[in-house]
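Read through the structure below, which is laid out as structure tokens, and then see the notes.
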Amino acid sequence: MMAPFEPLLLQRERSEGRFGRRIRYLPRIDSTNDRALALMEAGEPEGTLVLAEEQTRGRGRRGRSWHSPAGLSIYASLILRPSLPSEQLPLVSLTAAVGSARVLLSHSLLRVSLKWPNDILLGGKKVGGLLSEARGDGRGTGVVVGLGLNVNHEEKDFPKELQGRITSVLLESGRLWDRQHLLSEILIRWEQEYEKLLSVGPRDLLEGFECFSEFKDGSRLRIDQGGESVCGHYAGLGPRGELLLRTADDSVQSFSFGDVGRVSEG
Ligand code: BTN
């Protein structure tokens with residue numbers, strides 16, 4: 001195993017900021033999102049980060065599992081209490097996506113892109129994902145945003161069925177990475193995007209997402225919403241981070257969830 005995280009050091013580094021100023025570190029846990037949701041419901045303040053070396057029941061979007069071997073990745077879930085109307089909550093996970101992409105780009109990983117809503121890609125292959133879960137209580141709505149980022153995986157560290165389809169920062173760059181340093185940088189950029197969203201609104205965030213977007217205006221896409229799928233041309237993101245598709249009758253439809261992929265023209 002690579003060097004483990006040093007949560008006290010990370011916490012000290014982040015003491016001036018909000019994200020990660022308190023860290024709950026667990027070498028092994030079922031899911032950092034589940035633990036963060038329980039803590040949030042018990043009143044934990046905004047900015048607490050649940051961090052693990054390994055997950056035994058890591059969860060992905062739409063009921064999928066998230067392969068979570070020990071010591072290679074970042075598995076981290078942040079507790080947030082955004083003062084935003086509920087329809088704007090999907091924007092919160094975009095702050096994590098854009099913040100993470102900016103960090104990878106700052107390390108000259110030029111092939112970084114984002115696939116709506118929550119996938120981080122390197123060279124067109126998935127390197128990370130975000131799972132955002134909201135819960136309301138008497139005092140408002142809290143959100144847990146979980147980040148899974150494949151950092152130091154070699155091809156053999158992925159399950160057979162995923163080999164060749166997903167990637168890691170190591171595979172893209174050819175070198176090992178300090179996970180703690182990468183996480184610290186991600187927390188800083190993520191916090192900046194979040195503060196900006198709350199103080200001046202979503203414009204910069206949406207522009208940032210567009211810059212990194214895997215899809216460009218006009219790309220022909222199919223969105224699958226569990227049983228139902230719709231084809232159309234990518235028309236950007238709406239003001240709440242929803243996906244816009246121009247469909248055959250030239251109307252623009254907006255989607256708040258789903259799996260998106262390219263379809264060939266024809
Ligand atoms: C996806 O792409 O489907 C989202 C994957 C999110 C995985 C992370 S790992 C840390 C956190 N804890 C979980 O159980 N899931 C998220």
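We count ligands from 1, going down the list as the structure has it; atoms in each ligand are counted the same way. Excluded from the calculations below are hydrogen atoms, water molecules and symmetry mates; all remaining heavy atoms, backbone and side chain alike, are included.
- Among all protein heavy atoms, the one lying closest to atom 15 (N) of ligand 1 is R59 O, 2.7 Å.
- Legend: residues meeting ring pair (Phe, Tyr, Trp, His ring centres under 6.0 Å) with W190, ordered by chain and number and at least two apart, are F19.
- The part of D119 lying near ligand 1 is the side chain, judged by heavy-atom distances below 4.0 Å.
- Looking at atom 10 (C) of ligand 1, its nearest protein heavy atom turns out to be T32 OG1, 3.2 Å.
- Considering backbone and side-chain atoms alike, R57 places every N or O at 3.5 Å or more from each N or O of ligand 1.
- Residue, atom and distance of the protein heavy atom nearest to atom 4 (C) of ligand 1 are L130 O, 3.5 Å.
- Separation of atoms CZ (R175) and CG (L171) is listed at 13.5 Å; rounding is to 0.5 Å.
- When heavy-atom distances to ligand 1 are checked against a 4.0 Å cut-off, Q55 comes that close only through its side chain, counted from C-beta outward.
- The nearest protein atom to atom 5 (C) of ligand 1, hydrogens excluded, is given as W66 CE3, 3.4 Å; this is a heavy-atom distance.
- The main-chain N or O of F5 is found under 3.5 Å from a side-chain atom of E53 such that the two form a donor-acceptor pair.
- Going from atom CG of L78 over to atom CD1 of I186 covers 12.0 Å, rounded to the nearest 0.5 Å.
- Taking CZ from R35 and CG from L51, the interatomic distance works out to 12.5 Å, rounded to the nearest 0.5 Å.
- Contacts between K126 and ligand 1, counted as non-hydrogen atom pairs separated by less than 4.0 Å, involve the side chain only.
- A salt bridge between R246 and D217 is absent, with no side-chain N of the basic residue lying under 4.0 Å from a carboxylate O of the acidic one.
- Residue-level proximity to ligand 1 for S77 is carried by the side chain, the only part with a heavy atom below 4.0 angstrom.
- The residue D34 has no part lying near ligand 1, judged by heavy-atom distances below 4.0 Å.
- Although no hydrogens or angles enter the test, the distance criterion places a donor-acceptor pair under 3.5 Å between the side chain of E210 and the main chain of L237.
- For atom 3 (O) of ligand 1, the closest heavy atom belonging to the protein is R61 N, 2.6 Å.
- Between L39 atom CG and R22 atom CZ the span is 8.5 Å, to the nearest 0.5 Å.
- Taking every heavy atom of G58 and a limit of under 4.0 angstrom, the matching atoms of ligand 1 come to 14 (O).
- For ligand 1 and L147, the ligand atoms under 4.0 Å from any heavy atom of the residue are 8 (C), 9 (S), 10 (C).
- With respect to atom 8 (C) of ligand 1, the closest heavy atom belonging to the protein is G148 N, 3.6 Å.
- For the atom pair CG (L130) and CG (L114), the distance works out to 9.0 Å, reported to the nearest 0.5 Å.
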**Item:** Verdict with supporting geometry, F158 and H67, ring pair (Phe, Tyr, Trp, His ring centres under 6.0 Å)
**Value:** CA-CA 8 Å; F158 293 125; H67 178 64; 7.2 Å; no

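- On a distance-only criterion, Y75 and ligand 1 share no N/O pair closer than 3.5 Å.
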